[in-house]
Amino acid sequence: MFENLIATLKSEKRKIVFTEGADPRILEAASRLKKDGLLESILVGKVDEVQAAAKAGGFDIGGMEIIDPAAYPEMDAMVAKMVELRKGKMSEEDCRKALMKGNYFGTMLVKLGKADALLGGATYSTADTVRPALQIIKTKPGNKIVSSCFILRRDGKDGGDEMYAMGDCAININPGEDDLVEIAVETAKTAKAFGIDPKVAFLSYSTKGSGKGETVDMMKNATEKTKAAAPDLAVDGELQFDAAFSPVVAATKCKGSPVAGQANTFIFPDINAGNIGYKIAQRLGGFEAYGPILQGLNAPINDLSRGCDANEVYQMAIITAGLK
């Protein structure tokens with residue numbers, strides 16, 4: 001599933017900043033990325049602490065840039081730029097204080113073009129990774145929100161990868177119709193990057209009017225708006241999961257649908273449904289879950305689970321920088 005992303009990283013020299021540079025999981029992943037020739041890493045943290053942690057773990061970080069915000073020679077210029085970006089919402093003192101933290105400092109390195117991507121969250125919360133991104137990197141032109149998706153993967157019966165995309169499972173608690181359109185379009189783009197030909201299903205407890213309610217209307221309306229916004233995208237809704245996934249059920253409930261029975265990109269009505277849905281697939285279905293992959297930002301920034309291991313860091317680094 002990483003074939004396209006690895007090919008991109010081997011053909012284009014890219015640099016990723018890790019906001020928690022002294023964390024052994026980060027160091028192990030960075031060492032592996034170096035060994036595999038995929039990415040250059042910037043490690044944020046106190047130089048002696050980073051080097052000591054690397055030595056203790058036996059990780060090769062030779063040649064990697066280690067930056068301590070407290071000793072950064074260009075800090076005054078960085079502070080001035082952040083004050084400008086915050087447009088009166090943060091004072092110079094506030095910005096300087098924030099930039100002493102790895103999450104804000106790393107985000108500014110991306111903003112200033114000193115790094116191509118950022119991966120954080122090994123010790124920070126999701127909010128502490130997303131907030132600096134929203135304040136400094138901001139959303140892409142045409143996007144009003146940041147969203148997320150998970151890529152679910154397991155070994156297929158034919159020996160290949162069985163993969164699906166699911167959004168939004170981590171960021172938007174109660175998205176509106178227009179938010180759902182953005183989520184669907186961005187999730188389809190992410191799916192394509194992993195080699196999935198997206199067939200997008202807006203999920204509900206209703207299939208084509210079989211149930212009634214506000215969320216049913218919302219998913220139906222979001223489907224129509226997505227069709228108008230992305231006419232080349234295969235989209236249908238509102239669909240129950242069985243109608244979206246099973247060709248047998250689809251033949252009964254919504255015959256003739258371009259998506260029902262073959263959907264591979266699932267859009268949930270809210271974060272409750274999305275978070276529960278992907279975790280059921282992960283735990284009961286035996287799928288590996290990659291994400292949350294943040295979507296809609298002006299630069300590739302992603303969040304780790306605080307319970308991640310070094311292999312997850314390695315994989316998310318490839319995803320983050322490879323999707324640039």
Side-chain angles (χ1 to χ4, degrees), residues 1 147-170 172 175 177 179-213 215-227 230 232-293 295:
M1 65 174 283
S147 64
S148 74
C149 86
F150 279 82
I151 298 296
L152 281 294
R153 183 223 154 263
R154 69 180 176 188
D155 294 335
K157 295 178 182 178
D158 60 357
D161 290 330
E162 182 183 356
M163 294 198 296
Y164 304 96
M166 296 184 174
D168 181 345
C169 307
N172 294 282
E177 288 177 13
D179 297 331
L180 288 164
V181 174
E182 272 196 43
I183 291 166
V185 171
E186 292 298 322
T187 301
K189 290 178 183 176
T190 302
K192 285 181 181 178
F194 284 90
I196 300 169
D197 180 16
K199 293 178 176 58
V200 182
F202 281 83
L203 298 178
S204 175
Y205 57 84
S206 167
T207 296
K208 299 296 185 178
S210 66
K212 305 297 180 185
T215 57
V216 173
D217 293 338
M218 180 179 71
M219 299 307 275
K220 178 181 177 181
N221 294 339
T223 300
E224 296 308 312
K225 288 183 177 182
T226 303
K227 288 178 180 178
D232 295 331
L233 194 59
V235 181
D236 205 0
E238 85 288 3
L239 298 172
Q240 291 165 289
F241 184 81
D242 57 354
F245 185 77
S246 168
V248 175
V249 177
T252 301
K253 292 188 174 183
C254 42
K255 190 175 182 178
S257 167
V259 168
Q262 52 185 328
N264 54 27
T265 303
F266 302 100
I267 308 302
F268 294 90
D270 59 36
I271 198 171
N272 270 317
N275 195 271
I276 292 167
Y278 100 79
K279 286 184 177 178
I280 287 175
Q282 182 183 29
R283 300 299 178 181
L284 296 185
F287 281 88
E288 298 170 85
Y290 299 90
I293 299 168
Q295 306 172 145

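Not measured: the values here are computed from a predicted model. Computed over heavy atoms, backbone and side chain alike; hydrogens, waters and symmetry mates excluded.
A side-chain donor-acceptor contact under 3.5 Å links Asn264 to the backbone of Asp197. A donor-acceptor pair is defined here as one N or O able to donate and one able to accept, closer than 3.5 Å; no such pair exists between the side chain of Ser210 and the backbone of Ser206. Of the possible polar contacts, none joining the Asn172 side chain to the Pro175 backbone as a donor-acceptor pair under 3.5 Å is found. Proximity of a side-chain donor or acceptor of Glu238 to a complementary backbone N or O of Gly209 within less than 3.5 Å is detected.
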task: Determine, step by step, whether Arg154 and Glu162 satisfy the salt bridge (Lys or Arg N to Asp or Glu O under 4.0 Å) criterion, reporting the C-alpha distance in whole Å, the side-chain angles of both residues, the deciding distance to 0.1 Å, and the verdict.
output: CA-CA 5 Å; Arg154 69 180 176 188; Glu162 182 183 356; 2.9 Å; yes
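The pair Lys208-Asp236 meets the salt-bridge criterion, since a charged nitrogen lies less than 4.0 angstrom from a carboxylate oxygen. Between Asp155 and Lys157 no salt bridge is recorded (no basic side-chain N to carboxylate O distance below 4.0 Å).
Side chains of Asp168 and Ser147: a donor-acceptor N/O pair is absent below 3.5 angstrom, by distance only. Judged purely by distance below 3.5 Å, without hydrogens or angles, the side chains of Lys253 and Gln240 pair a donor atom with an acceptor atom.
Residues Leu203 and Phe266 approach most closely at CD1-CB, 3.8 Å, considering heavy atoms. Pro292 and Ala170 get closest at one heavy-atom pair: CB-CB, 3.7 Å.
Annotation: the span from Ile293 atom CD1 to Gln295 atom CD amounts to 7.5 Å, rounded to 0.5 Å.
Taking the ring centroids of Tyr164 and Phe287, they lie under the 6.0 Å cut-off.
Atom NZ of Lys220 is surrounded by 12 or fewer heavy atoms from other residues, nucleotides or ligands within 6.0 Å.
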